[in-house]
Amino acid sequence: MTEFPDIQLPDDLLPADGRFGSGPSKVRLEALARLAATGTELLGTSHRRPAVIGLVERLRRGLSDLFSAPPGYEVMVGLGGATAFWDAATFSLIARKSQHVVIGEFSSKFAAAVSGSPHLEEPDVIRVDYGHSAQPVADDDVDAYALIHNETSTGVMNQIVRPASSGLVLVDATSAAGGLPVDPSQFDVYYFSPQKAFGSEGGLWAALCSPAAIERIETVTNGERWIPPFLDLGIALTNSRKNQTYNTPALATLALFVDQVEWMNERGGLDWAVDRCATSASTVYRWAETSDFASPFVSDPAARSATVATVDLDETIPAGVVSGVLRANGIVDTESYRKLGRNQLRVALFPAIDPDDVTRLTQCIDHVVERL
Ligand SMILES: *Cc1c(COP(=O)(O)O)cnc(C)c1O
């Protein structure tokens, strides 16, 4: 274990909740309490019974409301998180050839999952240096565009704009959905795991699908291509329409997910959540820009994420030590994405995180750095 300097943060400076991880991220204590209060009614009961079917129904309705889903769009739910969804999309959504916009580790993983699959052509990959955003290039030879709304490894957000082409637009929105604005007419599939902006646990994926995406799934999964059933989105669609999942879901994940979606919808929906994240983001970036030891990693202000902020520290201040001291004071998971390899702090700004706590976090960082 690395030894960190013994710096005690004063109680009146500490955030009310010290969880700033980018995933798993802060789960609201009220949601946990409500889950515990279900007692014998939910956990440990059959997922084919009304208690659970009702949860999936509330989840699908709540997400449709949150994203103002246009007519014909449907919410699908399945198991395995966004990572499993990449494999499901490889089997059930891409017809022949995809184009991937790779701006960080997560977007590169989907491209890698597609590359080499025996039933598809090698994908086109558009790559930019990490820390920058990028857009797809319309290409009539491509039937699916793999975009990322927010690159969690770098803190870069992309605008989601449909290229002028008939290809499906598949958006990894895992750390964006519920925290960044989006226009559903610009995508065909908007998929995500619930342990980021939805303040739940990992293990599930949800996907808002356009009629074109549903049609593609029905065509691709019609039996001509061998598809492992777990990755067959035709099966996921059939189950989702019955408010079920193909196999046993994590009920606690589901319950916390529903709690968060309804919490957002009761407070003003996506606009409210987006505003809350934007408030936190302006606090962090303004602090970093005026600090004499910190600066935003992402140079283009328009690409600085409002859900995951990355802040570089001066070389003389080891970010790992700052994160370590914060951790010893109960402020956790501010470490940067390991593979990015920068002297950096990464701070989640998801809706569950109180903007006042973000202000306190910046004050705590100042306090630590002054004493190093
Ligand atoms: C966290 C994350 C993933 C992976 O999610 P899992 O639930 O672990 O599969 C994929 N994409 C993005 C953008 C993420 O932030």
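Counting convention: from 1, in listed order, for ligands and their atoms alike. Side chains are part of it too, since the values below use all heavy atoms of this structure and drop only hydrogens, waters and symmetry mates.
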If you have a sec, work out which protein heavy atom is nearest atom 15 (O) of ligand 1 and how many Å separate them, to one decimal? T152 OG1, 2.4 Å
Output field: ring centroids F187/H149 closer than 6.0 Å: no
Taking only non-hydrogen atoms of N150, do any sit less than 4.0 angstrom from ligand 1? yes
Enumerate the atoms of ligand 1 whose separation from the nearest heavy atom of I148 is less than 4.0 angstrom. 13 (C)
Checking K196 against F106: charged group under 6.0 Å from the ring centre and within 45 degrees of the axis? yes
I need the nearest protein heavy-atom contact for atom 4 (C) of ligand 1: residue, atom name and distance, please. T83 OG1, 3.8 Å
Given that the side chain starts at C-beta and the backbone is N, CA, C, O, which of these parts of W86 lies under 4.0 Å from ligand 1, counting heavy atoms, or is it both or neither? side chain
Minimum-distance protein heavy atom relative to atom 11 (N) of ligand 1: D172 OD2, 2.7 Å
Shortest protein heavy-atom distance from atom 8 (O) of ligand 1, along with the residue and atom involved: Q195 NE2, 3.6 Å
Under the rule for salt bridge (charged side-chain N to carboxylate O under 4.0 Å, His left out), what residues qualify as partners of D354, not counting sequence neighbours? none
Look at atom 5 (O) of ligand 1 and say which protein heavy atom is nearest, naming residue and atom and giving the distance to 0.1 Å. S193 OG, 3.5 Å
What about the rings of F85 and W205, do their centers lie closer together than 6.0 Å? yes
Counting each atom of ligand 1 from 1 as listed, which ones have a heavy atom of A82 under 4.0 Å away? 5 (O), 6 (P), 7 (O), 9 (O), 10 (C)
Among residues at least two apart in sequence or on other chains, which ones pass side-chain hydrogen bond (donor to acceptor under 3.5 Å, both in side chains) with H47? none
Min side-chain heavy-atom separation V311-V347 under 4.5 Å: no
List the closest protein heavy-atom neighbour of atom 1 (C) of ligand 1: residue, atom name, distance to the nearest 0.1 Å. K196 NZ, 1.4 Å
Only one of V171, I103, V156 passes side chain to side chain contact (heavy atoms under 4.5 Å, CB included) with I148, and that residue is I103
Indicate, with yes or no, if the rings of W272 and W263 have centres closer together than 6.0 Å. yes
State if F85 counts as touching ligand 1 under the rule of any non-hydrogen atom under 4.0 Å. no
